[in-house]
Amino acid sequence: MAYKKIVPFINAESEFASNVVLRAQEYCFSGADEIFVYNYSKMESDREEFLRTMKKVDSEIDIPFIIGMYVNRFEDVKKAFYTGASKVVIKYEILPDEAVIREAVGRFGADRIIIEIDASEGFEQIAFPVEELLIKHVDIGGSLERRIVSSGKKIVVRDSLLRNDLVDLINLPQVIAVSTNYFEDKSLFKVKNNLKNAGVEVNTFSSSLDFSEFKTDENGLIPCITQDYRTSEVLMLAYMSKESFEQTIATGKMTYYSRSRQELWCKGDTSGHYQYVKELRLDCDNDTLLAKVHQVGAACHTGEYSCFFNKLAKRDYIDTNPITILKEDFEVIKNRKENPREGSYTNYLFTKGLDKILKKCGEEAAEIIIAAKNEDKDELTYEMADFLYHMMVLMAEKGIDWTDITKELANRR
């Protein structure tokens, strides 16, 4: 179902990189659908610093972000997407050549390039080869509404100060999002719930079942298993009451009921190690919850990441989980780079340097082609595994890890 988005914006011009990253994190965890960050400086050094900042943002948040920057040539758009951005905003009034828009659309698609236009300009008359426009809002009214409709585009409206017209503005048929910094230090979960109550279709965090349908113990509590949403590692087990469950839904932070203290307990209020909810599930008997969270810091009071760190018994087994295998193999390769071991082939590659690593990657890629042409599945599997190993050596050499790769893949879905 299509829904209207709240997209906070961050003006990164003359702002410290650390503040931009921190603000992006706060918006991410407070319920933003996406984030728009811009710096339209024409200075090359400013643009490069901004792109480095956005790479840091990409590593710290897990919602889509949009970049707005001065675009002088196609290479600028390409660099913006390399940060992990889902879309790039090009400001029309400072664009030196419209051909850049056509080239960017041809390479990345009309749905990933947005043109920013001031509402006072005649944007509805310009035949932009894009699907979305970002309009700096001046005043809602019949004239602007007619121009938005006649543009035939999806519209993102940007406004620093939203007075009492947010509902009217976001309800315009072609407006798909409102971008604002009006909600700094505010819970967007609450904002979106208010919009929902006003009849606006928004993406709210809500439960499909009421707590009354859960099977609780004699004290009205239900156990909740909490796991890392990225790795599925089990972090802890605690209990929820009706009130703590509802507070979790309302705030987006895991809130439990402490049986020892007999009170609500928002995980992180004391330690700062908050758990931001990504998903809640209920088991087949309706008597156990499963929470997938973004864990800040450690989940355990001992300082361990997971409470389940005491190993009691283990049998040897072959782990074929692709997530864990690739991660563990990569960690071994990184360890060889940081702690060389005599006789290690991996260390031999690192010692010989980048050219040797690249040569092996090229050779293994060629072996994959030959194996595929031979139509031998076993040979192809072997050569692909060989290539992956050498690719991971290259990743370690260039400071890239699987998180970087998987985030880039996720951006292409």
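Nothing here was measured: the structure is a model prediction, and the numbers come from that model. Excluded from the calculations below are hydrogen atoms, water molecules and symmetry mates; all remaining heavy atoms, backbone and side chain alike, are included.
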Hey, are [X] and [Y] close enough for a salt bridge, meaning a charged N less than 4.0 Å from a carboxylate O?
X	Y	result
K334	E338	no
R23	E15	no
E116	R158	yes
R47	E49	no
E364	K360	yes

Inspect the surroundings of [atom1] in [X] and state if more than 12 heavy atoms from other residues, nucleotides or ligands are less than 6.0 Å away.
X	atom1	value
R341	CZ	no
K337	NZ	yes
R259	CZ	no
E243	CD	no
K292	NZ	yes
E263	CD	yes
Y382	OH	no
K278	NZ	yes

Ring centres of Y257 and Y239 under 6.0 Å apart?
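Not close enough - the centres of the two rings lie 6.0 Å or further apart.
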When the aromatic ring centroids of Y389 and F387 are compared, is their separation below 6.0 Å?
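Between F387 and Y389, which both carry aromatic rings, the centre distance is not below 6.0 Å.
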For Y256, check ring pair (Phe, Tyr, Trp, His ring centres under 6.0 Å) against everything at least two apart and list the hits.
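Applying ring pair (Phe, Tyr, Trp, His ring centres under 6.0 Å) to Y256 gives W265.
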For the student: nearest non-hydrogen atoms of [X] and [Y], plus distance:
X	Y	answer
L264	S241	CD2-OG, 3.8 Å
I222	D287	CG1-O, 3.3 Å
Y92	I115	CB-CG2, 3.8 Å
F214	L289	CE1-CD2, 4.1 Å
A80	L51	CA-CD2, 3.8 Å
A17	T53	CB-OG1, 3.3 Å

Could you please spell out the steps behind the side-chain contact (heavy atoms from CB on, under 4.5 Å) verdict for L133 and V156?
CA-CA 6 Å; L133 300 180; V156 179; over 6 Å; no
With a cut-off of under 6.0 Å to the ring centre and 45° to the axis, is R336 in cation-pi contact with F350?
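Cation-pi check for R336 and F350: fails.
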Which value, rounded to the nearest 0.5 Å, describes the distance between N193 atom CG and F189 atom CZ?
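Here the interatomic distance stands at 9.0 Å.
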How long is the span from the CD1 atom in I357 to the NZ atom in K398, to the nearest 0.5 Å?
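Those atoms lie 9.0 Å apart.
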Describe, in one word, how the ring planes of F81 and F108 are oriented to each other, choosing from parallel (under 30°), tilted (30 to 60°) and perpendicular (over 60°).
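Taking F108 first and then F81, their aromatic rings sit tilted (interplane angle of 30° to 60°).
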Intermediate values then yes/no, side-chain contact (heavy atoms from CB on, under 4.5 Å), V89 and F36
CA-CA 9 Å; V89 173; F36 171 43; 3.6 Å; yes
Can you find a side-chain donor-acceptor pair between S212 and D210 that sits under 3.5 Å?
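Side-chain D/A pair, S212 to D210: present.
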Check: Y305/D228 side-chain N/O donor and acceptor closer than 3.5 Å
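Note: Y305 and D228 side chains meet the donor-acceptor criterion.
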Set out, in order, the CA-CA distance, both residues' side-chain angles and the distance that settles salt bridge (charged side-chain N to carboxylate O under 4.0 Å, His left out) for E34 and K5, then state yes or no.
CA-CA 8 Å; E34 299 176 4; K5 297 178 181 179; 2.7 Å; yes
Before giving the answer on salt bridge (charged side-chain N to carboxylate O under 4.0 Å, His left out), spell out for K56 and E60 the whole-Å C-alpha distance, their side-chain angles and the decisive distance to 0.1 Å.
CA-CA 6 Å; K56 294 177 183 176; E60 296 296 332; over 6 Å; no
List the steps, then state whether side-chain contact (heavy atoms from CB on, under 4.5 Å) holds for M236 with K267.
CA-CA 11 Å; M236 58 182 286; K267 174 71 174 174; 4.2 Å; yes
Can you tell me if [X] uses its side chain to pair, donor with acceptor, with the backbone of [Y] under 3.5 Å?
X	Y	result
Q227	S232	yes
T248	S244	yes
N374	D376	no
D401	D404	yes

Sort out for me which residue in R112, K154, K87 forms a side chain to side chain donor-acceptor pair (under 3.5 Å) with E132.
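Running side chain to side chain donor-acceptor pair (under 3.5 Å) over R112, K154, K87 with E132 returns exactly one hit, K87.
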Name of the residue among Y229, F29, Y27 meeting ring-ring contact (aromatic ring centres under 6.0 Å, His included) with Y276
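In the set Y229, F29, Y27, the residue that makes a ring-ring contact (aromatic ring centres under 6.0 Å, His included) with Y276 is F29.
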Between H294 and R230, is a side-chain contact (heavy atoms from CB on, under 4.5 Å) present by the stated rule, with each step listed?
CA-CA 8 Å; H294 177 111; R230 284 196 178 105; 4.1 Å; yes
Apply salt bridge (Lys or Arg N to Asp or Glu O under 4.0 Å) to K186 and list each qualifying residue two or more places apart in sequence or on a separate chain.
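Checked K186 against salt bridge (Lys or Arg N to Asp or Glu O under 4.0 Å); zero matches.
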Can you sort out the partners of D269 under salt bridge (Lys or Arg N to Asp or Glu O under 4.0 Å), two or more places apart, ordered by chain and number?
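Checked D269 against salt bridge (Lys or Arg N to Asp or Glu O under 4.0 Å); zero matches.
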